[in-house]
Protein chains: 4
Amino acid sequence: MARPQDPRAKIELLKAAEAVFVEHGLDRAKVEEITARAGRSKGSFYLHFASKEEAFRQIVETLVARLSSCVDDPPPPGSFDLEELFEQQLQRGVETFEFLWVNRGVVGLLLCGGGSASFGYLIEELEQQYQQVIGRWLRWGVAQGIYRKDLDIELISLALAGAYDGLARRVVRQTKRPDLRAMVLEMERFTARAVGTFEYIAQFDCMVRNLERKRKQ
Amino acid sequence: MARPQDPRAKIELLKAAEAVFVEHGLDRAKVEEITARAGRSKGSFYLHFASKEEAFRQIVETLVARLSSCVDDPPPPGSFDLEELFEQQLQRGVETFEFLWVNRGVVGLLLCGGGSASFGYLIEELEQQYQQVIGRWLRWGVAQGIYRKDLDIELISLALAGAYDGLARRVVRQTKRPDLRAMVLEMERFTARAVGTFEYIAQFDCMVRNLERKRKQ
Amino acid sequence: MARPQDPRAKIELLKAAEAVFVEHGLDRAKVEEITARAGRSKGSFYLHFASKEEAFRQIVETLVARLSSCVDDPPPPGSFDLEELFEQQLQRGVETFEFLWVNRGVVGLLLCGGGSASFGYLIEELEQQYQQVIGRWLRWGVAQGIYRKDLDIELISLALAGAYDGLARRVVRQTKRPDLRAMVLEMERFTARAVGTFEYIAQFDCMVRNLERKRKQ
Amino acid sequence: MARPQDPRAKIELLKAAEAVFVEHGLDRAKVEEITARAGRSKGSFYLHFASKEEAFRQIVETLVARLSSCVDDPPPPGSFDLEELFEQQLQRGVETFEFLWVNRGVVGLLLCGGGSASFGYLIEELEQQYQQVIGRWLRWGVAQGIYRKDLDIELISLALAGAYDGLARRVVRQTKRPDLRAMVLEMERFTARAVGTFEYIAQFDCMVRNLERKRKQ
DNA sequence: CATGAATGAGGGTTCATTCAT
DNA sequence: TATGAATGAACCCTCATTCAT
């Protein structure tokens, strides 16, 4: 019977908070600016968040959780269709980068130490997780015979994680939407050449040509 | 403001400031903690720096300037000894990463958005600069016939800059000094495979073998 | 503001308010805690009280009013039965202390400056009133020839009011119900000795013995 | 070499704080008002006190400590000059009440629950301590044969402590300095009559007369 | 009338910066 | 020049009160 809670309130506050955090970082963001942008009173902020940090945490943790689910482990050993798998991974990659692009504000924040010294651990964990998945793919590729046997997995996964990481940083910094598909494809090609056997490189180029042909139809 | 007499004062303050900035970020760093660590008075800080931000700027700009000089453009067209050049670049890369390692505190700060939303432009400029140099090397390599002709220079330079960037981030985060030389060599190998012609890749492996042989003597 | 319908509401709110005020004092008591304890909405509080202070005032003023009626003036000059009078006063005193004990929460609050600097006047007035009644009894006793003629009424009434006051403070602070009758009786004995003539003291002891004999039957 | 700390600062702040706390109680006192009255900046308050509560605690604990030392235990068994002892105790009492009068602001605050629900324990402890000392004097007096043997020490000490307590409350509330000596003397007389044997009461009156005679010379 | 979401004034505390010594 | 005491603007958060439903 009481005034029903405005369902847009929290969403608008989160949106405003996101914008302000992106603009100023956690420490310089003012709760008052957040609420002003959301067109609400200062007090309303505390109806939805226990503190400024709490709102920040909510924003970045949500993002991290979604980014965390953006990578697949390699399939279990057994028969599989390489071309299909490649297409899947490419699709996955594009989706991920699209997600990054759409959320480039907060992602930028997150990649920059979380806007505050105290949230760096989040991105560190995420990057470590990514690097480990890459490591597993590398080992899988070696086992499949498509990647070179002499890879220093530790170093290469570091470099590859770094390459994707750096790419992500650059994407979120753009002002115009880049051709994300081309970008991911190029990264795949890049990776294939860096770690693939000569045979696989040829096979890879062939897969890419097939893919492009399909798309044009 | 006249130059103060005691030259150690500023150095000690900078050292302390660096440590405190690294630990807490610009916004949460307290001038008092800086001066306390430097064993100086709070007032002395303002004899050397106009403000907290100014000290921060000095620290990061100095670092950026030195990092900025860590890359060489490719040599002008004409004859050159590829092996010597490779060795030079390798050497350069190791030195750069050693510098990063030694200054890993501030570099980490810098890579994390400068510890505050307002210094991100510094690292952005630096990364852009690196990417451009990489782009020039790529074009040079293509012109030399050692890199593949079908490279999307824009994308590849982005990816490579990202890879080095990501590697740097991971290095400065380590607690134990990694084998930097192996790391740089691996990155070179990685790059060579990613962008080199098949011929060059073979030549590259050969160069690496020669190099290792020399080192052992 | 029309009288609200639900009469239990106000009672429950007053009970809850009393508890919360006793626990935290006026300033630190939160309206929300009061309504939560009363199982009502925050808004309902303002249907019954104009403000938090108003509720507080209502609680303490009610108490003060009832405490105010706990003392009798001495009887008019003329004949009277001293033993009966003594018994009446003793009874009255016990009832008063029982009332204090039952309401020890709010009484404690009231005696402690009203939980806030702004309600001290209430207790001051009450204590002054008590002191004056005591003064009248003293004068009456002197006139009756049962109290010593050389009493400094002003001072003695001050001391006696203080003694009862202090006793009240101690009673409301107990966790177990003390023997209130013994307490009041002791105070009466104490008073009798302090202000009575030697004759009256003997008479008093006799009255007490009679009383105790009656009670045992 | 730096600006020396103004030695009056803390004292002035304490004085101002005392006044403001007395006026409004802990919760309603504003740090800003304290510093304004002390003619200082708001920040200066925090150079001397960790928090508003801390300043409050300092003020009341100091007072309690001094009040705590205002009572003497009875002398050890053995011979002693009763008149001298009486004179000493009278003197002691007068000094105590003079101290209360001089500090009537804070004492009033203290007696009113410490101005906040959370400091009540201080006065409770103090009052308990006083009551115990009174109990020891009573036992001593009984042992000396000057107090009646049938005293309910527990109750009487409660009543006496209450009487002094109530007196103190009334004293600190006065606007004009009362005749403290007369007051204490009357309390002594009051006590003597309440608990003394008939013999002692006579002796007491005699001591008082001697004392008054001495004073007039 | 009853509800509880929304409001926003208010105040404690921090800390960069100034400045008297 | 060097010091560190003093300053006061800034800002988070609380909570009494209002009011739309």
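Atom set for the values below is all heavy atoms of this structure, side chains included, hydrogens, waters and symmetry mates excluded. Order of the sequence lines fixes the chain letters, A, B, ..., with proteins taken first and strands second; residue numbering starts at 1 for each chain.
Applying the salt bridge (Lys or Arg N to Asp or Glu O under 4.0 Å) test between C:Glu23 and each of C:Arg28, C:Arg37, C:Lys30 identifies C:Arg37 as the sole match.
A donor-acceptor contact shorter than 3.5 Å links the side chain of B:Lys52 to the backbone of B:Leu26. When atom types are taken as modelled, the side chain of B:Ser44 and the backbone of B:Arg40 share no donor-acceptor pair closer than 3.5 angstrom.
Using a 4.0 Å heavy-atom distance criterion, C:Ala55 is classed as making no nucleic acid contact. Residue contacts for B:Thr35: at a heavy-atom cut-off of 4.0 Å it reaches no nucleic acid atom on any strand shown. The residue D:Ala50 sits apart from the nucleic acid: no heavy atom pair falls under 4.0 Å. Residue B:Ala36 is classed as having no contact, given no heavy-atom separation below 4.0 Å to the nucleic acid.
Residues A:Gly43 and D:Gly43 both approach DNA chain E. Their nearest nucleotides, taken by heavy-atom distance, put A:Gly43 toward the 5′ side. Comparing D:Gly39 and B:Ala9 by the nucleotide of DNA chain F that holds the closest heavy atom to each, the one mapping nearer the 5' end is B:Ala9. Comparing D:Tyr46 and A:His48 by the nucleotide of DNA chain E that holds the closest heavy atom to each, the one mapping nearer the 5' end is A:His48.
Taking atom CZ on B:Arg28 and atom P on E:dA16, their separation rounds to 13 Å, with Å as the unit. Atom C1' of nucleotide F:dC13 and atom NZ of C:Lys30 are separated by 12 Å, given to the nearest angstrom. Taking atom CD of residue A:Glu32 and atom C1' of nucleotide E:dA9, one finds them 11 Å apart after rounding to whole Å. Atom pair B:His24:NE2 and E:dA16:C1' shows a separation of 16 Å (rounding to whole Å applied). Distance CG (D:Asp6) to C1' (E:dT21): 13 Å, rounded to an integer number of Å. One interatomic measurement links the two molecules: NZ of A:Lys52 to P of F:dT14, which rounds to 14 Å at whole-angstrom precision. One interatomic measurement links the two molecules: CD1 of C:Ile34 to C1' of E:dG4, which rounds to 16 Å at whole-angstrom precision. Atom CZ of B:Arg8 and atom P of F:dA2 are 11 Å apart (whole Å).
Distances from the side chain of D:Pro4 to the nucleotides E:dG12, E:dT21, F:dA16 place E:dT21 closest. Of the candidate nucleotides E:dT3, E:dG12, F:dA6, F:dA6 has the atom nearest to the side chain of B:Lys42. When the nucleotides F:dA2, F:dA16, F:dC12 are ranked by their closest atom to the side chain of B:Leu47, F:dA2 comes out on top. In this structure, the nucleotide among F:dT17, E:dT13, F:dC12 sitting nearest to the side chain of A:Val31 is F:dC12. Closest approach to the A:Ser41 side chain among E:dG8, E:dG12, F:dG8 is made by E:dG8 (side chain taken as heavy atoms from C-beta onward).
Checked for salt-bridge contact, B:Glu127 and A:Arg169 miss the test: no charged N lies under 4.0 Å from a carboxylate O.
Taking 4.5 Å as the limit, some side-chain heavy atom of C:Lys10 sits within range of a side-chain heavy atom of C:Gln58.
For F:dT21, the paired nucleotide is E:dA2, the pair qualifying as Watson-Crick or G-U wobble because both relevant distances are below 3.5 Å. Pair assignment for F:dC11 gives E:dG12, based on Watson-Crick or G-U wobble hydrogen-bonding distances that are each under 3.5 Å.
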